[in-house]
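Keep in mind that the numbers below use all heavy atoms, side chains included, and drop hydrogens, waters and symmetry copies. Computed from a predicted model, the values in this text were never measured in an experiment.
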Amino acid sequence: MPASLLLVYPLVHAVPPPPSGDLLLALRERGMASGAHDVLIQAATAHFAGAASVEDEIAFAANGAVPEGHPATFIYNADADGLRASGEAYATKLAQAGVDATVETLPGSTHGFLNEPESAAGRAGVDRLERWLKRAGDESPARFA
């Protein structure tokens, strides 16, 4: 079993949960209507798993039970990203199952910030992930601040 699991702007629901007020505000501030994101997410889901697989727990981990022994998990979301609701809800599900789950959002970022490692958001994201990974191998408690 790995020491930890790292998920960056994950889509673990075939249909993401409704966005929080904070997420709606972040999307509006960037001129990103949540309805447009819903269409993009549906297209990505159909491309990734196909219509027949939307209930599959292999394709979408949030569909299944949290397995026993699930490793500590860090979910890192982009601020203005329609997928953020999926990451936040999954972190809650993991925590309710007793998994050491940390969820953070990179302020001011949009989906794909790791695709631009030279940008301010990209550097901040890489730095944060590096800190998590370096501490994940420690034999200290599972919380990797």
Quick one: side chains of residues 116-125, donor-acceptor pairs under 3.5 Å with protein atoms, not counting sequence neighbours, listed by atom name and distance.
{"unit_1": "S119", "atom_1": "OG", "unit_2": "E116", "atom_2": "O", "d": "2.8"}
{"unit_1": "S119", "atom_1": "OG", "unit_2": "G122", "atom_2": "N", "d": "2.9"}
{"unit_1": "R123", "atom_1": "NH1", "unit_2": "E118", "atom_2": "O", "d": "2.3"}

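- Judged as a ring-ring contact (aromatic ring centres under 6.0 Å, His included), the pairs with a partner in residues 110-131 (not counting sequence neighbours) are, in order, Y9-H111, Y9-F113, Y76-F113.
- For the atom pair CG of D81 and CG of L23, the computed distance is 7.5 Å after rounding to the nearest 0.5 Å.
- When all heavy atoms of A85 and P19 are compared, the closest pair comes out as CB-CA, 4.1 Å.
- Stacking of R131 on the aromatic ring of F74 is not recorded, the 6.0 Å distance cut-off and the 45° axial limit not both being met.
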Going through the distances and angles, do T92 and E88 end up as a side chain to side chain contact (heavy atoms under 4.5 Å, CB included)?
CA-CA 6 Å; T92 298; E88 290 171 340; 5.8 Å; no
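- Taking E130 as the reference, K134 meet the side-chain hydrogen bond (donor to acceptor under 3.5 Å, both in side chains) condition, with sequence neighbours excluded.
- With hydrophobic clusters built from ILVMFWY side chains whose heavy atoms lie under 4.5 angstrom apart, L106 shares a cluster with V126.
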The test is side chain to side chain contact (heavy atoms under 4.5 Å, CB included); show your working for M32 and T110 and say whether it passes.
CA-CA 10 Å; M32 301 174 176; T110 58; 3.7 Å; yes
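- Rounded to the nearest 0.5 Å, atoms CZ (R84) and CD1 (I75) are 13.0 Å apart.
- Annotation: salt bridge (Lys or Arg N to Asp or Glu O under 4.0 Å) contacts involving residues 62-77, sequence neighbours excluded, are absent.
- Minimum interatomic distance between N77 and S109 (heavy atoms only, all atoms of both residues): O-OG, 4.3 Å.
- No donor-acceptor pair closer than 3.5 Å links the side chain of K93 to the backbone N or O of V66.
- Listed by first then second residue, pairs satisfying side-chain hydrogen bond (donor to acceptor under 3.5 Å, both in side chains) with a partner in residues 10-24 read H13-S86, not counting sequence neighbours.
- A101 and A95 get closest at one heavy-atom pair: CB-N, 4.2 Å.
- Note that CG of L6 is 9.0 Å distant from OG1 of T73, once rounded to the nearest 0.5 Å.
- Annotation: ring-ring contact (aromatic ring centres under 6.0 Å, His included) contacts involving residues 78-98, sequence neighbours excluded, are absent.
- The hydrophobic clustering, which links ILVMFWY residues whose side-chain heavy atoms are closer than 4.5 Å, places V8 and L133 together.
- Looking at heavy atoms from C-beta onward, L114 lies in side-chain contact with L129 at the 4.5 angstrom threshold.
- Between L94 and H70, some side-chain heavy-atom pair lies under the 4.5 Å cut-off.
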